[in-house]
Amino acid sequence: MDLKYRRIFPFLYDAAAAQETGAFLCIDTAVRSTEVKTYKRLEVIVWCYARQQDLKADEGSRCDLLAQEAYQIVNGHTFHARPLKLASMIPFRPAPGYRGKRMIFEATVMD
């Protein structure tokens, strides 16, 4: 597959690219229905992860630092005049030898 960018990938995990990249930041969105059909719940899902041997940075864990930066950008950002709020943050292991964090931000928007 010939990619247009060296560090932007069209899917969550690419083993060949992982050999030359220190950390990954992946973002996806999902729109969920609620019981009331005039409202929808928007989710912005952020994955921050790195190879286990690349986790250590001078300031702390590379994934924690990346997750903190993503949190500062996304949390409180408005979407259709509704602020995105952090709903969950859990440890994430996309593949053997990799560790990271998964954050889900939510906002309820009118349909």
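Each residue takes its place number in the sequence, starting with 1. These numbers were taken from a predicted model, which means no experiment stands behind them.
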* Asked: Can you name the nearest heavy-atom pair linking E106 to E43, along with the distance?
  -> OE2-OE2, 3.6 Å

* Asked: What distance separates M89 CE from D64 CG, expressed to the nearest 0.5 Å?
  -> 8.0 Å

* **I104 CD1 to D28 CG distance, which is reported to the nearest 0.5 Å** => 10.5 Å

* In the single-linkage hydrophobic clustering (I, L, V, M, F, W, Y; side-chain heavy atoms under 4.5 Å), do L65 and M103 co-cluster? -> no

* To do: For R51 and Y98, run side-chain contact (heavy atoms from CB on, under 4.5 Å): C-alpha distance rounded to whole Å, both residues' side-chain angles, the deciding distance at 0.1 Å, then the answer.
  => CA-CA 4 Å; R51 289 186 301 174; Y98 288 81; 3.1 Å; yes

* Structure fact -> Taking every heavy atom of G76 against every heavy atom of P83, the minimum-distance pair comes out as O-CB, 4.1 Å

* Candidate pair I45 and R102, rule side-chain contact (heavy atoms from CB on, under 4.5 Å), full reasoning -> CA-CA 7 Å; I45 304 124; R102 183 189 78 183; 4.0 Å; yes

* Do you reckon I90 sits in the same ILVMFWY cluster as I27, going by side-chain contacts under 4.5 Å, direct or chained? -> no

* May I have the step-by-step check of side-chain contact (heavy atoms from CB on, under 4.5 Å) for L66 and F24, ending in yes or no? => CA-CA 9 Å; L66 193 55; F24 295 86; over 6 Å; no

* Do L42 and V46 share a hydrophobic cluster (ILVMFWY, side-chain heavy atoms under 4.5 Å, transitive)? -> yes

* Asked: Atom NZ of K56 and atom CG of D58: how far apart are they, to the nearest 0.5 Å?
  -> 9.5 Å

* **Least distance between heavy atoms, G100 atom then C63 atom** => CA-SG, 3.8 Å

